[in-house]
Amino acid sequence: MTSVDTQFNNVLTGSPGDLGPFYRQAREESPVFWSEAAEGWIVSRYSDVRTVLADRESFGPLLEGKGTTSIYGRNVLHMDGIEHRRKEAFIAKHIRNRKLLSDSQEHYIRTLCKELVDELPLGDPIDLKGGFTTPMPLIVTAWIMDMEEATGFRTTYDRMVAASSSNQSGDPDILQDGLKAIEELHELITPRLMERRSEPGEDYISTLCEGEYEGAPISDAEILSSSMFLLAAGVETTDRALANLLRVLISEPELWRELQTNRDLLLPALAEGLRFCPPVHAINRATTKDASIGNQEIPAGSKVLLLLAAANRDPEMFD
Ligand code: HEM
């Protein structure tokens with residue numbers, strides 16, 4: 001059988017297809033292995049991934065090397081400790097706020113979903129991705145930022161994501177294209193940022209403009225990076241998560257009917273969809289000191305790539 005490392009190279013460079021067999025082989029044969037192509041340690045078992053995520057002392061953000069999100073500029077993803085907690089709180093005001101959800105967000109999102117569904121050509125074959133899963137999170141994220149024009153830039157976010165965490169092999173052409181996409185987004189967001197500095201509103205960019213950390217305002221560069229990150233984080237992930245789940249439900253009509261009759265199953269179905277066919281397969285960390293994962297010693301300053309998709313199908317944890 002081909003070695004796990006060679007299989008992983010194929011995943012990075014080719015069109016990977018079904019990754020299930022590779023994930024199984026990695027978990028069983030080499031749960032923590034070094035990949036020259038990704039210049040990092042690849043981790044696939046549930047227990048190891050969980051241990052790394054819980055240990056923020058030994059595993060921090062990856063700030064340089066292949067596959068880093070640092071190309072957006074510095075934002076909450078690249079922070080630790082108190083700074084991370086404080087700045088995450090600004091973001092949480094807009095995306096994990098129960099009061100805002102019940103006051104306006106839920107109504108807005110329900111109305112939008114209904115409008116999008118009403119526009120689908122019922123009776124004809126329907127493009128659920130183009131007509132629903134892609135526009136929905138894009139319009140919602142642009143609304144959170146009060147930047148309607150951001151809905152016209154969907155492919156730009158894709159190019160940026162492709163050049164960051166998705167570019168684990170560090171392909172220079174993909175990286176260049178992503179950096180160009182970032183320049184385009186700077187041009188889009190900068191005028192809005194200037195506007196909100198002088199006349200803040202209720203939106204996400206305004207909250208960051210008014211935010212302070214250690215007595216100083218949050219810098220323009222950080223707000224730009226945080227805005228680009230929100231567009232990348234909120235849009236592509238949700239689009240893919242919904243599309244993946246709908247695909248399963250369409251091919252399993254029994255499940256679909258069960259969900260229609262028993263609404264209590266909605267949240268577990270979403271969670272199970274995220275576990276079983278996730279939109280994000282892997283995230284990065286870097287060791288802040290010498291550490292170990294399972295029996296493998298990992299020196300300080302190493303990149304660690306956590307294969308969430310492999311961990312979430314680990315039979316040691318899930319049936
Ligand atoms: C199904 C949809 C989503 C998935 C699968 C997803 C996945 C993830 C993952 C894996 C991370 C951790 C990255 C890391 O630690 O390296 C993350 C962080 C984050 N995501 Fe999402 N995300 C989704 C939707 C969203 C949405 C809709 C938003 C905002 C509108 C969002 C905003 C964020 C933020 C702000 C962080 C950084 C949190 C922090 O560092 O404290 N995400 N997301």
Side-chain angles (χ1 to χ4, degrees), residues 7-19 22-23 35-40 42-43 61-78 127 129-130 133-142 145 147 149-189 221 224-244 247 274 277-286 303-310 312:
Q7 294 240 43
F8 187 60
N9 287 350
N10 296 339
V11 170
L12 292 181
T13 51
S15 40
D18 178 13
L19 290 169
F22 160 67
Y23 288 152
S35 160
E36 201 53 53
E39 290 172 0
I42 317 299
V43 183
L62 178 75
L63 300 178
E64 54 187 28
K66 294 177 176 177
T68 167
T69 52
S70 300
I71 60 166
Y72 303 177
R74 190 164 186 271
N75 65 56
V76 71
L77 267 187
H78 314 119
D127 174 8
K129 195 155 160 57
T133 68
T134 299
M136 194 278 278
L138 187 52
I139 297 171
V140 174
T141 311
M145 296 173 74
M147 256 190 76
E149 66 275 31
T151 55
F153 285 74
R154 173 69 168 88
T155 49
T156 319
Y157 318 136
D158 288 348
R159 286 161 56 209
M160 185 170 77
V161 173
S164 56
S165 43
S166 301
N167 191 18
Q168 292 295 332
S169 64
D171 183 311
D173 294 335
I174 296 177
L175 181 61
Q176 276 315 312
D177 189 49
L179 293 172
K180 215 165 149 278
I182 288 173
E183 268 176 38
E184 290 163 27
L185 289 174
H186 277 193
E187 279 172 31
L188 173 77
I189 302 168
L224 275 177
S225 170
S226 304
S227 301
M228 289 190 300
F229 169 57
L230 196 77
L231 287 163
V235 176
E236 196 186 6
T237 47
T238 313
D239 176 6
R240 284 203 237 151
L242 283 175
N244 290 350
R247 188 160 178 264
L274 284 173
C277 31
V280 178
H281 276 230
I283 56 176
N284 290 315
R285 290 290 182 267
K303 168 177 163 182
V304 175
L305 184 71
L306 304 172
L307 299 180
L308 304 178
N312 278 334

Colleague: Rounded at 0.5 Å granularity, tell me how far CG in N312 sits from SG in C277.
Modeller: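 Reported to 0.5 Å precision, the distance equals 11.0 Å.
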Colleague: Who pairs with T156 by side-chain hydrogen bond (donor to acceptor under 3.5 Å, both in side chains), at least two apart in sequence or on another chain?
Modeller: none
Colleague: What orientation do F229 and Y72 show, parallel under 30°, tilted 30 to 60°, or perpendicular over 60°?
Modeller: tilted
Colleague: If every non-hydrogen atom of T151 is compared with every non-hydrogen atom of A142, which pair is closest and at what distance?
Modeller: CG2-CB, 3.8 Å
Colleague: Suppose the criterion is salt bridge (Lys or Arg N to Asp or Glu O under 4.0 Å): which pairs have a residue in residues 175-184, not counting sequence neighbours?
Modeller: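 Residue pairs passing salt bridge (Lys or Arg N to Asp or Glu O under 4.0 Å), neighbours aside: R159-D177, R159-E184, K180-E184.
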Colleague: Among T134, D158, L138, N244, find the one that has a side-chain contact (heavy atoms from CB on, under 4.5 Å) with D239.
Modeller: T134
Colleague: Please report the interatomic distance OG(S164) to CD1(I182), rounded to the nearest 0.5 Å.
Modeller: 7.5 Å
Colleague: Working to the nearest 0.5 angstrom, can you tell me the gap between S165 OG and I283 CD1?
Modeller: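 Between atom OG of S165 and atom CD1 of I283 there are 9.5 Å.
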Colleague: Under the side-chain hydrogen bond (donor to acceptor under 3.5 Å, both in side chains) test, which residues partner S226, sequence neighbours left out?
Modeller: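 So S226 forms no side-chain hydrogen bond (donor to acceptor under 3.5 Å, both in side chains) with any residue.
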Colleague: How long is the straight-line distance from CG of L63 back to CZ of R74, given to the nearest 0.5 Å?
Modeller: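 Here the rounded value is 8.0 Å.
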Colleague: Please report the closest heavy-atom contact between P278 and A309, naming both atoms and the distance.
Modeller: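 Here P278 and A309 meet closest at CG-CB, 3.8 Å.
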Colleague: At their closest point, which heavy atom of M160 faces which heavy atom of A181, and how far apart are they?
Modeller: N-CB, 4.2 Å
Colleague: Go through the structure and list residues passing side-chain hydrogen bond (donor to acceptor under 3.5 Å, both in side chains) with S70, not counting sequence neighbours.
Modeller: T68
Colleague: Could you tell me whether a side-chain N or O of T141 sits under 3.5 Å from a main-chain N or O of L231, the two making a donor and an acceptor?
Modeller: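 Here the side-chain-to-backbone pair does not exist.
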Colleague: Is there side-chain contact between N75 and H78, with heavy atoms separated by less than 4.5 Å?
Modeller: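 In contact.
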Colleague: Applying side chain to side chain contact (heavy atoms under 4.5 Å, CB included), run through K303 and E64 and close with a yes or a no.
Modeller: CA-CA 9 Å; K303 168 177 163 182; E64 54 187 28; over 6 Å; no
Colleague: Tell me every residue that passes side chain to side chain contact (heavy atoms under 4.5 Å, CB included) with Q176, counting only those two or more places apart in sequence or in another chain.
Modeller: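 In terms of side chain to side chain contact (heavy atoms under 4.5 Å, CB included), with neighbours along the sequence ignored, Q176 is linked to L179.
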Colleague: By ring pair (Phe, Tyr, Trp, His ring centres under 6.0 Å), which residues pair with Y23, not counting sequence neighbours?
Modeller: H281
Colleague: Check whether N167 reaches the backbone of I174 with its side chain - one donor and one acceptor, N or O, closer than 3.5 Å.
Modeller: no
Colleague: Please round to the nearest 0.5 Å and tell me the distance separating atom CD1 of I189 and atom CD of E187.
Modeller: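 Atom-to-atom, I189:CD1 and E187:CD are 11.0 Å apart.
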Colleague: Could you pull out the closest heavy-atom pair between P279 and L274, with the gap in Å?
Modeller: CD-CD2, 3.7 Å
Colleague: I need the single residue from Q168, E39, R285, K66 that forms a side-chain contact (heavy atoms from CB on, under 4.5 Å) with L305. Which is it?
Modeller: Q168
Colleague: How long is the span from the OG atom in S225 to the CG atom in L185, to the nearest 0.5 Å?
Modeller: 11.0 Å
Colleague: Taking atom CZ of R247 as the centre, does the number of heavy atoms from other residues, nucleotides or ligands within less than 6.0 Å exceed 12?
Modeller: no
